[in-house]
Amino acid sequence: MNWQTLMADIDRMFGWIPTWFIGLGLVAAAILLALTFYRLAVWLLNRAFRTRLPLLGVFIERTSGPAQLALCLAAVALVLPLAPLSDTFRTPLTSLFVVAFIALIGWISIRVVDMSAARYLQNFRDVSENLIARKHVTQVRVFKRVTDIIIVIITVSTALMTFDSVRQYGVSLFASAGAAGIIVGLAARPLLSNLIAGLQIAITQPIRIEDAVIIENEWGWVEDIASTYVVIRLWDWRRMVVPLSYFIEKPFQNWTRDTASLIGVIALHVDYRADVPRIRRWLEEAVKQSKLWDGAVVNLQVIDADSRTIELRALVSARNAPQSWDLRCEMREKLIGFIRDEMPEALPRERAILIPSGNDDADLVRGIVPPEKMRASARN
């Protein structure tokens with residue numbers, strides 16, 4: 001039995017089925033076989049090489065979508081010329097195949113960019129205290145997202161240009177350069193300004209990933225830099241979303257612009273009778289015992305004095321903003337405890353001159369009245 005006889009028998013048996021249904025069935029069967037082949041191939045590869053090549057599983061997982069789409073397109077490309085379809089069905093399927101192929105190229109391009117960025121960033125895992133690492137992570141993330149947006153725009157534009165009606169509309173729209181173009185340009189201005197701001201931030205880097213910043217009187221860390229906005233992780237775990245253009249147009253505080261180390265300030269009010277050199281020596285010994293101190297700065301000075309107290313300012317440095325905050329709280333608590341227990345005369349107190357009922361000129365001159373005289377004065 002030759003091929004022609006077999007086809008004649010099949011046509012005689014299934015001649016009642018419409019040809020378009022057979023054609024679409026062949027295309028669907030080809031796609032199903034392609035997906036089955038992919039799953040079988042992945043299972044065999046994981047079984048044979050997963051233990052020896054752990055990166056193979058990660059690669060297969062990240063390329064799963066493009067690989068399946070590529071196999072389906074290859075199967076459709078083989079079956080479509082043989083399918084008994086009329087032009088009514090063949091033309092839309094061909095157009096859909098072209099669009100899917102363009103989408104496949106864009107998808108593969110995005111995955112290549114993402115995997116290249118992830119591979120590059122593996123060299124910079126510790127970003128909390130590494131200025132160079134934060135610089136590279138910021139640049140790579142911003143450039144990756146801008147590149148992904150550009151790839152998506154090019155892919156969608158190319159896919160739309162395959163349709164004559166859309167292509168003619170686009171050409172006429174750009175050729176007219178009239179009010180519609182101006183309206184579209186004004187509507188897209190925030191998006192374009194944020195994209196351009198993202199490129200400026202990637203190049204000039206006023207902020208980086210894990211920078212400690214103060215924005216709108218809120219303190220937090222730069223958690224993520226997206227293509228059009230920045231996510232700030234606030235100290236109480238809230239998230240503030242700020243447009244990228246904000247960091248180009250408005251002032252803000254960056255506590256870790258050049259280095260993550262910070263100097264913490266502790267202010268205390270003590271009495272005039274306080275032994276400042278003794279407090280300074282105690283602070284130097286106490287801060288050396290703290291694991292939060294980076295060994296750079298410790299100092300205590302009298303920075304102000306009023307009619308009641310003198311103000312002490314202690315400076316202690318730490319490796320980063322969170323440790324600086326914790327170190328300030330620790331040293332403030334210990335200083336208060338030391339002054340309360342070891343130097344109670346340094347605690348702030350109120351002074352008053354009481355007019356005695358008797359002839360207590362000496363007490364009046366000193367400005368100090370013993371408690372028993374105060375009670376006696378009150379009784380009189």
Side-chain angles (χ1 to χ4, degrees), residues 35 38-39 41-73 100-156 158 191 194-213 220-233 237 239-244 247 256 260 320:
L35 295 176
Y38 173 80
R39 294 183 178 275
V42 168
W43 182 79
L44 292 175
L45 288 174
N46 288 331
R47 186 177 180 84
F49 302 104
R50 191 178 187 89
T51 57
R52 289 180 292 176
L53 298 174
L55 292 179
L56 180 62
V58 178
F59 177 80
I60 292 175
E61 181 180 356
R62 293 187 176 182
T63 59
S64 174
Q68 294 183 65
L69 180 58
L71 286 176
C72 291
L73 291 179
F101 182 75
I102 295 173
L104 174 63
I105 295 177
W107 199 353
I108 292 175
S109 302
I110 291 177
R111 286 302 171 91
V112 168
V113 172
D114 293 348
M115 293 174 65
S116 300
R119 179 66 182 87
Y120 180 77
L121 291 179
Q122 286 182 352
N123 301 321
F124 307 99
R125 295 181 179 179
D126 184 15
V127 299
S128 59
E129 301 181 10
N130 192 332
L131 180 63
I132 298 178
R134 292 192 287 115
K135 175 181 177 181
H136 285 276
V137 169
T138 301
Q139 288 181 333
V140 170
R141 286 189 180 182
V142 173
F143 282 129
K144 179 181 75 69
R145 282 166 178 160
V146 172
T147 304
D148 290 346
I149 291 176
I150 293 175
I151 292 174
V152 170
I153 292 174
I154 293 176
T155 302
V156 173
T158 305
L191 175 62
N194 283 311
L195 289 176
I196 295 174
L199 294 176
Q200 289 180 281
I201 289 175
I203 296 173
T204 60
Q205 294 200 339
I207 57 171
R208 303 183 183 93
I209 298 297
E210 292 301 326
D211 267 350
V213 296
W221 296 269
V222 178
E223 183 177 56
D224 189 20
I225 301 178
S227 54
T228 57
Y229 61 88
V230 177
V231 179
I232 307 297
R233 185 179 68 254
W237 297 353
R239 298 299 189 271
M240 176 183 287
V241 180
V242 185
L244 276 172
F247 297 92
T256 55
N320 52 49

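All heavy atoms count here, side chains included; hydrogens, waters and symmetry mates do not.
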Which pairs of donor and acceptor atoms, one on a side chain in residues 142-154, lie under 3.5 Å apart (sequence neighbours left out)?
| unit_1 | atom_1 | unit_2 | atom_2 | d |
| --- | --- | --- | --- | --- |
| R145 | NH1 | D224 | OD1 | 2.8 |
| R145 | NH1 | I225 | O | 2.4 |
| R145 | NH2 | D224 | OD1 | 3.3 |
| R145 | NH2 | D224 | OD2 | 3.3 |
| T147 | OG1 | F143 | O | 2.6 |

Show the nearest heavy-atom pair for residues V242 and M240, with the distance to one decimal.
CG2-CG, 3.6 Å
In terms of heavy-atom contacts, V231 and R239 come closest through CG1-CD, 4.0 Å
Name all residues meeting the ring pair (Phe, Tyr, Trp, His ring centres under 6.0 Å) criterion together with W107; count only those two or more places apart in sequence or in a different chain, and write none if there are none.
none
Going by the rule side chain to side chain donor-acceptor pair (under 3.5 Å), which residues pair with R39 if we only count those two or more places apart in sequence or in a different chain?
none
As an exercise, state the distance from CG of L244 to OG1 of T228, rounded to the nearest 0.5 Å.
6.5 Å
How far does CZ of R233 sit from CD of E210, to the nearest 0.5 angstrom?
4.5 Å
Quick one: does V222's side chain get under 4.5 Å of I232's, heavy atoms only?
yes
Decide yes or no for I201 and P206: does some side-chain heavy atom of the first lie under 4.5 Å from some side-chain heavy atom of the second?
yes
For V140, side chain to side chain contact (heavy atoms under 4.5 Å, CB included) partners two or more places apart:
A117, Y120, L121
Set of residues satisfying side chain to side chain contact (heavy atoms under 4.5 Å, CB included) with respect to Q205, sequence neighbours excluded:
K135, T138, Q139, R208
